[in-house]
Amino acid sequence: MNSCPIAISKDFIAKNLIKLSLQNTHKINLIWLELAGCSGNIISLLNADNPDINYFLTNMISLKYNNSLMAAEGEKAYRQFLETLDTEFILVIEGAVSTKAQGLYDVVAKYNGQYVTGMEAAKLAGERAKHILAVGTCAAYGGISAAAPNPSESVSVSAFLKRDIINVPGCPVHPDWIIGTIAHLLVFGVPELDQKNRPVIFYSINIHDACPRRSFFDQRVFAEKLGEPFCMFKLGCRGPVTNTDCPIRRWNDTDNWPIGDNTPCIGCAREGFPDLMEPFIRY
Amino acid sequence: MAKITVNPITRISGFLEIEVTVENNRIIDAKSSGMLFRGFEKMLKGRPPLDAVYFTERICGICSTAHSLAATLALEYALDIEPNENARMIRDFVHGCEFLQNHIRHFYQYTLPDYIKGPNIHPLINNYSVDLRLPPDRNDKLVQHYLESTKYSRLAHEMLAELAGKAPHNHGIFIGGVTVKMDADKWIKVRSILDSILSFVKDVMLEDVYTIARYYPDYFLNGSGYGNLLSYGLYNTYKDREAFYVNPGIFKNGTISSFDENMITENIKYAWYEADQIENKPTDEVEIEADRYKEKAYSWVKAPRYNDVPFEVGPLARMWISGIYNNGISTMDRTIARVLEVIKIAEIMQELLKRVELKPSGQRKYSVPDQAEGKGLIDTTRGGLGHWIDIKNQKINHYEIITPTSWNLSPRDTKLQRGPVEEALFCAEIKDIENPVEIGRIVRSFDPCVSCATH
Amino acid sequence: MNIHNNNFSCQLSHITYRLSYYTKVFFSTPNPWEKMYYVNLISNELFWLNSLTQQLWEYFTEPNNTIEEKQFTLTELAKYTGANGTPAYAAVNGIVYDVSLEETWGGGSHFGLIAGKDLTNQFKSCHQAEAILNNLPVVGVLI
């Protein structure tokens, strides 16, 4: 078979490169555990393209447990979770760990007649996982689940597990950030992390510095209301205090993103979201 | 007599437990319990009112657009703002994108593995399930479509992001309409994506749902429930028939009658909450405190009632009340109605796009009054969604959210009436107690979203 | 012209930056046409520099222009919240700073704090070094 990668369309080059580097590696197991959150990160993962979800599941990892996608249900589903604990696996957690009432604010399963709380599941898997990824702002920092007055006493995964964790924040996380981080783990090992344990490749850029509307800020041309094509700093833009590559990467395979849609950044990938990022919009 | 507990009910959004009691292979009692609570209504207290749009959408990752729209409507009511017609059409189009994404994902990724042996990829393949009736060649075809469908649900979110910034948790829906300036480039992009999704749904998805229906005819006979249907109305501000869908209305005892939102109450008798009043109207400022150890309570979902009666909401309710679908009310009818609704919605979206003009968004500066009350009731993917807001001193004083799945997954109320899903399970036949596949099939036909229902 | 304005020092630093850059290119290029082009650019910059100096001179020779500190009461300060086009002011240790264009103060709010207030305690609980205050334009004192 002639498989010159350049001859194949540009879209697939990235896919093929990943394939080339992955072909000799054994597919590692992965548990995607949803805790107290909105399940928005798994939906965001389904929005991935090149590689898409089918490629991710077929060629990159072996997903063992995820309650949104798995065919099995009830005890049979949870048994797959337990069986995976004895293998080498990556643990992805989305959602915060809610600790109120011994964790009963978030019950993920019932096994042998006993409730399994999110806390217990996170502890069980968290102690044995080879790598842990806290995906989304709730898992990374507590996020909206821990918004004041924090009725469910939710905490971030790192505050709960107290071990090395890779934080991949964002509300939701961008599919490229999560798949990129996992690809890095698989092929090149643990990616370079910043002080907050975020992969430098995705979180080293300050939104304000890379913003296409930066020149409007420098020239002091400010939008007075939403829908204007100028700098939204005076409306409460959190770009200056938030680090992600949104201005360059954009969202959902479009060239659009919140600021491109004439609305301010609300700092959804930043520690302290939402309490410290409010008011989101102030005229 | 045997007790069966299924927890987690997978392939839904959030955490749900279903407990049924079975005697002689019939369900004689059923309980549905929402298992996740975060407390959004408490969190919203004291926050800047305009933030409710971006805050409440984070209740749910799969239907965030619905919450941003309901919050926007409630704020528009409170601030007395009327969006211009063009912005309203774009906003309704964006809302439509969420329908397409949801329904396609729900049918292929969530419902289909109940009826077919899924793709040969762990954990999508169902190694356990019994009662899989499709012959291998048909099964393979549907598996192929399962994998193909991920492209189209993704594209639906791509349309949404093109007009509203990103998905999930969009930025573009805001009071006064939208923030995007529609231009020809965006217009033709969403137009072409919409056409491709519509042809996939018409050529592939529609056939797939009828394939399932042909091999599982007995599911037209179970999961009927009360047969009470409710809709808050959807795409009902347009006068011409092509862009119109359904007016608010209720269907009970064989007749359709008008809907009065003042009849809505929420009952917390069997939910894990304590308050001075057991039954509250959404506008009542009652302090509701969570109490996970409350006796006899068994769910985080409150029990919304209309005129003291439980009602089912969702695509079937809309299709039924609008008169487009009236084959029956059952597990399979719900699933078919959902697929038919995708076509209906996509056609309305095409009509909206024809009418949209290339104009700036028409956003203004809004000032929050010292005191105001607002409500936003609209039908969304899973049924009627209501947000009620009370503003005092320019802050949120009280916020109440009743989501579609609260209606469907409600627990019992003071009168011991079962919730619609509980009622749908009641009397259903379980062929094999070791493998009670019927439970998941019936429950998933309601497309439960527990993150929303408990919030 | 207001010499408290950031704009003045901003313009000055831009001119110096451009001057040094043009000079560098002037010496590094062998092409005479290019050299001429850059000489032209440099003389342009010198013209602007000259006019800035002129303005500064005029400002200080005016008899009424002494640097006078505006005094704010808490009620007066409360007007400057950054909302509805007002500037955003915040007081720390009795000095009122203009945070309107401070990058961490989008929309006159800063990690849950709103402008128009005396934020001395909040400042002390979050920032160790007071040096960051030196970068902020001073608009007056709190009385």
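Labels below follow one simple rule: chain letters A, B, ... track the order of the sequence lines, proteins then strands, and each chain is numbered from 1. Keep in mind that the numbers below use all heavy atoms, side chains included, and drop hydrogens, waters and symmetry copies.
Neither the backbone nor the side chain of A/N41 has a heavy atom closer than 4.5 Å to any heavy atom of chain B. For a residue to count as touching a neighbouring chain, one of its non-hydrogen atoms must lie under 4.5 Å from one of that chain's; by this rule B/F37 touches chain A with backbone and side chain alike. Only the side chain of A/C268 has a heavy atom closer than 4.5 Å to any heavy atom of chain B. Neither the backbone nor the side chain of B/P360 comes within less than 4.5 Å of any heavy atom of chain A. For a residue to count as touching a neighbouring chain, one of its non-hydrogen atoms must lie under 4.5 Å from one of that chain's; by this rule B/Y110 touches chain A with the side chain only. For a residue to count as touching a neighbouring chain, one of its non-hydrogen atoms must lie under 4.5 Å from one of that chain's; by this rule A/L35 touches chain B with the backbone only. For A/S68, the parts lying under 4.5 angstrom from a heavy atom of chain B are both the backbone and the side chain. Only the backbone of B/L163 comes within contact range of chain A, with heavy atoms under 4.5 Å apart. A/F273 touches chain B through its side chain: at least one heavy atom from C-beta onward sits under 4.5 Å away, while N, CA, C and O do not. If you measure heavy-atom distances from A/A77 to chain B, the contacts under 4.5 Å come from the side chain alone. Neither the backbone nor the side chain of A/A96 comes within contact range of chain B, judged by heavy atoms closer than 4.5 Å. A/E278 touches chain B through backbone and side chain together, each having a heavy atom under 4.5 Å away. Contact annotation for B/E17: only side-chain heavy atoms (C-beta onward) come within less than 4.5 Å of a heavy atom of chain A. Only the backbone of B/I12 has a heavy atom closer than 4.5 Å to any heavy atom of chain A. With a 4.5 Å cut-off on non-hydrogen atoms, B/K186 touches chain A through its side chain but not through its backbone. For A/S39, the parts lying under 4.5 angstrom from a heavy atom of chain B are both the backbone and the side chain. With a threshold of 4.5 angstrom between heavy atoms, A/I53 approaches chain B through side-chain atoms but not through N, CA, C or O. At a 4.5 Å heavy-atom cutoff, A/P229 makes no contact with chain B through either its backbone or its side chain. Contact of B/I125 with chain A is made through the backbone alone, with heavy-atom distances under 4.5 Å. Using a 4.5 Å cut-off between heavy atoms, B/S361 contacts chain A through its side chain alone, with no backbone atom that close.
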Next on the checklist: As a quick check of understanding, evaluate side chain to side chain contact (heavy atoms under 4.5 Å, CB included) for A/L30 and A/V92, giving each step before the final call.
Outcome noted: CA-CA 7 Å; A/L30 186 138; A/V92 176; 3.9 Å; yes
Checklist entry - Step by step, would you call B/E41 with B/I288 a side chain to side chain contact (heavy atoms under 4.5 Å, CB included)? => result CA-CA 9 Å; B/E41 281 147 351; B/I288 297 178; over 6 Å; no
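In terms of heavy-atom pairs under 4.5 angstrom with chain A, the leader among B/L112, B/L124, B/I4, B/I9 is B/L124. Most heavy-atom pairs under 4.5 Å with chain B, from the set A/G40, A/G74, A/A146, A/S98: that is A/G74. With chain B as the partner, the residue from A/L104, A/V108, A/I259 showing the most heavy-atom pairs under 4.5 Å is A/L104. In terms of heavy-atom pairs under 4.5 angstrom with chain B, the leader among A/P172, A/A101, A/S152, A/P264 is A/P172. Of the listed residues A/C171, A/S145, A/G95, A/S44, the one with more heavy-atom pairs under 4.5 angstrom with chain B than any other is A/C171. Chain B forms more heavy-atom pairs under 4.5 Å with one residue of A/D253, A/N262, A/D275 than with any other, namely A/D253. Here A/A148 is the residue among A/A148, A/A48, A/G143 with the most heavy-atom pairs under 4.5 Å with chain B.
The closest donor-acceptor contact from the side chain of A/T87 to the backbone of A/F89 lies at 3.5 Å or more, if one exists at all. Formation of a donor-acceptor pair under 3.5 Å by the B/Q363 side chain with backbone atoms of B/V178 is found in this model. A side-chain donor-acceptor contact under 3.5 Å links B/S68 to the backbone of B/T65.
B/K42 pairs by the side-chain hydrogen bond (donor to acceptor under 3.5 Å, both in side chains) definition with B/E289, not counting sequence neighbours.
Applying the side chain to side chain donor-acceptor pair (under 3.5 Å) test to residues at least two apart or on different chains, the pairs with a partner in residues 104-114 of chain A are A/R79-A/Y111. Pairs engaging residues 32-50 of chain A under the salt bridge (charged side-chain N to carboxylate O under 4.0 Å, His left out) rule: A/D49-B/R154 [sequence neighbours left out].
Salt bridge A/E228/A/K225: present, at least one basic N to carboxylate O contact under 4.0 Å. Look at A/D261 and B/K166 and you find no salt bridge, because none of the NZ, NE, NH1 or NH2 atoms lies under 4.0 Å from a carboxylate O. Salt bridge present: B/R444 and A/E73 bring a charged side-chain N and a carboxylate O closer than 4.0 Å. A salt bridge links A/D176 with A/R249: the distance from a Lys NZ or Arg NE/NH1/NH2 to an Asp or Glu carboxylate oxygen falls below 4.0 Å.
A distance of 12.0 Å separates CG in A/L69 from NE2 in B/H122, rounded to the nearest 0.5 Å.
For B/F55 and B/Y399, the ring centers are positioned 6.0 Å apart or more. The aromatic ring centres of B/W272 and B/W300 sit less than 6.0 Å apart. Aromatic rings of B/H171 and B/Y54 (six-membered ring for Trp) have centroids within the 6.0 Å cut-off, being under it.
Scanning residues 448-455 of chain B against chain A with a 4.5 Å non-hydrogen threshold yields B/S451, sorted by number.
The 12-atom threshold is exceeded at NZ of B/K189, counting heavy atoms of other residues, nucleotides or ligands nearer than 6.0 Å.
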